[in-house]
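Shown next, in structure tokens, is the structure this report addresses.
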Amino acid sequence: MRIWSIIVVLMLSIGIVQAQTAVTEPSSIPMEAFFKDAKFSNMSISPDGKHLAVRYDTGTSNSVAIMDTGLTQVKANINFGEFMRIGSVMWPRNDRIILSYQKFVGYLDTRGSASIYVAFDLDGSNGRQLTVPQRVQYSILNMLPSKPDKILVQRRHYADGGQAKLFEIDIESGKEKWIGGEPRGAQSIITDVDGNPRFAFSYEEDDDDEFGKGDTVFYLKKSNNADWQKVKLPIYKKGGNINLLGFNAAGTLAYVASDYETTVPSIYSVDMQTLATKLVHEETVAEISGTGTMYNGALEAVSFSPDYNRLVFLSDDSEMKKIMMQLYATFGVDDEKTDVRISSFTEDGNQLVFTLSSDRDPGAFYLFNRGLDGSKPSISLLDVAKSEIDPAMMAEMVPFKFDARDGLTLNGYYVLPTTGEAPWPMVQIIHGGPHGPRDYWGWNREAQFLASRGYAVVSVNFRGSGGYGTEFMEAGYNEWGGKMINDMTDATMWMINKGFANKDKMCVYGGSYGGYGTLQSLVREPDLYKCGIGYVGVYSLLEFKKSGDVPSRASGRKYLDRVVGTDNERLREFSPALNVDKIKADLFIAHGREDVRVPMEQYDVLSENLKRIGKPYISMVRDEGHGYQQDKNKYDFYNQMESFLAKHLK
């Protein structure tokens, strides 16, 4: 229990930090406290435990600083420029770091450009671009512990038809060398913990196959020195979803996710000698949301989010399980209402960095010395993400599920104010995407801001959302303005029937597809909501198939035909900008002039038709992309949101 005594001191110190900005009522918390960028968004420890790479947002981009573990000295600060967002942070050596970055124009832009990998010395010098993604896709397979100057990557070139080729890249010079040894035709390869390619697959789709319903071929090496074998897996069927996840520490088991027997992928192990498969975890609700690897690269845990964020350990003797159980016990929490996430280990596994967060807490970063080297075990607080937020003042996010009007089971989350009495005025927040993204349990700045102002908040993962299996996602195809909107309406009615929402004081809000869902909800249910806030939204499906970066590519046009349809009459019916005469609610519409995903043509067609019928609306247009990132524009948007909602719902 030595660690527990340390934690008591830590929790008191956190309270002191947050008490500096303590207020008596949630409504008096400044709006800026919610939407100011977090001090840090991620931390990664070096192999020797002497340095931290800390990532933080800087307006329209983000940066990584290389610091000592006490966070007192900055050795380097790396930023790739406007709209460039750093993703992966990797430590191939103690004195060398690799960063990946992509271009994202707006915080709601989740697509991004192809990743570029760059290596630096700890002082930010000797920068070398390792990959050039011109008609080429790179992914790093292994840090190659036996070759400290090299990394192993798979490269898929347009001219090779997407086949994966194995290359080593020198992290000092940036020079790459093809090493061969990949199975012919493979499109994706994974390695064991020692960096040996052992498992691969290729995907084949015939002309008469339905899009995305082709066949997957698997290749396997029983040992590093064995030849590749083409194998059949009994946990796969044509058209199904299967993903290679990783290996155990010994390299004797590979782990895969397959929906062979379930509507969402479950986890199986594959014996690399006998090819015998074993069900490790059966999942019936949600897809995998993350994986947990140890310091040696062994896969030991997988996370799912059926309601809260659940962690599944792949073996009873998992070292990661022992660590997590120790942390749960130390903090007196579990995986139901607290997220404990390990971000990185030292090379020997003795030290690790983890975060502790929840629905009410944006998070804190900790350094855990496990004492494997004979030192005294200890946990030290590195920093909190947002000292402006007092978790005790925040509201609880509650998972719920219900049956839609046609019997389909839907999952969602609601947040109720900590002040006032039910029924409260309510805002429904609609997520973007819509196919791929979903809402999760955890810290949500918009939901907490609205709850602090006295509004109940509901978010539903309507059909078409990601995260609940292919069948659930495809149930939303060609239903953007139909059954998907029904699901949102049914969630609103659920809140009313539970006594949480005041049926006479409700508003709907969302960004991107959420902006579309907002306006289409107002078209479909003109008497249900008092107001709507459309943020960088799609408002005309006909225009959506002509403008922006999605229809600029043949693959994008094919995708849009599949998900929104080709029937122009139905597209017109499902375009709120072309049906504005049905809208009774008051409107606040915000957009970005530099948005390439949902360009200004969408704002223009909506505003022109609103002006045509003489319907007033509040407008905000800024020189931003797909979601405001600059502080002034963010603050102006949420200040306007607050006054707009107060006018119509209070």
Side-chain angles (χ1 to χ4, degrees), residues 25-27 29-38 107-108 305 307-309 337-339 357-363 385-386 388-401 410-420 422-433 437-462 465 467 488 491-492 494-495 498 500-502 505-515 517-518 521 529 531-535 588 627-628 634-635 637-642 644-646 649:
E25 291 290 335
S27 60
I29 301 173
M31 172 274 297
E32 291 83 358
F34 294 94
F35 299 105
K36 179 183 178 181
D37 291 335
Y107 90 92
L108 289 175
S305 299
D307 40 31
Y308 300 99
N309 301 319
K337 293 191 176 182
T338 305
D339 283 343
S357 64
S358 71
D359 52 343
R360 305 166 109 176
D361 187 347
K386 290 181 68 66
E388 306 88 354
I389 295 296
D390 180 359
M393 302 290 288
M394 298 297 102
E396 181 182 7
M397 175 179 283
V398 182
F400 74 103
K401 65 179 179 179
L410 303 174
N411 292 270
Y413 302 92
Y414 67 84
V415 178
L416 303 180
T418 60
T419 58
W424 291 274
M426 189 197 81
V427 178
Q428 177 169 176
I429 301 179
I430 304 171
H431 72 70
R438 54 156 287 188
D439 287 311
Y440 291 90
W441 181 88
W443 171 256
N444 184 305
R445 61 183 186 175
E446 290 185 330
Q448 291 294 343
F449 170 62
L450 293 173
S452 77
R453 269 46 180 175
Y455 303 108
V457 179
V458 66
S459 299
V460 62
N461 285 316
F462 42 82
S465 301
M488 300 166 202
T492 292
W494 187 90
M495 291 289 286
K498 287 293 182 180
F500 297 147
N502 184 332
K505 296 182 177 181
M506 300 189 300
C507 185
V508 61
Y509 154 67
S512 194
Y513 172 82
T518 292
S521 291
Y529 302 102
C531 57
I533 303 172
Y535 186 37
F588 168 30
Y628 297 168
K634 283 192 303 184
Y635 299 161
F637 174 73
Y638 289 108
N639 272 327
Q640 181 63 70
M641 174 188 285
E642 183 172 5
F644 179 77
L645 292 174
L649 300 185

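Heavy-atom basis, side chains included; hydrogens, waters and symmetry copies ignored.
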Minimum side-chain heavy-atom gap [X]-[Y] below 4.5 Å:
X	Y	value
Glu446	Tyr509	yes
Met394	Phe34	yes
Leu645	Arg453	no
His431	Phe462	yes
Ser305	Trp441	no
Ile429	Leu450	yes
Val460	Met495	no
Lys498	Phe400	no

Could you pull out all residues at least two apart from Lys36 that satisfy salt bridge (charged side-chain N to carboxylate O under 4.0 Å, His left out)? Glu388
Sole candidate of Val508, Val457, Thr492 that passes side-chain contact (heavy atoms from CB on, under 4.5 Å) when paired with Met426: Thr492
Centroid-centroid distance, Phe637 to Phe644, less than 6.0 Å: no
By side chain to side chain contact (heavy atoms under 4.5 Å, CB included), which residues pair with Thr338, not counting sequence neighbours? Val333, Val340, Leu356
Give me the one residue out of Tyr535, Phe35, Tyr635, Tyr638 that meets ring pair (Phe, Tyr, Trp, His ring centres under 6.0 Å) with Tyr628. Tyr535
Taking [X] for the side chain and [Y] for the main chain, is one N or O donor matched with an acceptor at less than 3.5 Å?
X	Y	value
Tyr529	Thr518	no
Gln428	Met488	yes
Trp424	Thr419	yes

From CZ (Arg360) to CD1 (Ile389), nearest 0.5 Å: 12.5 Å
Rounded distance (nearest 0.5 Å) linking atom CG of Asn411 with atom CZ of Arg438: 7.5 Å
Distance-only donor-acceptor check, side chains Asp361 and Ser357, under 3.5 Å: no
To check you understand the geometry: which heavy-atom pair defines the closest contact between Asp359 and Met397, and what is its length? OD2-N, 2.8 Å
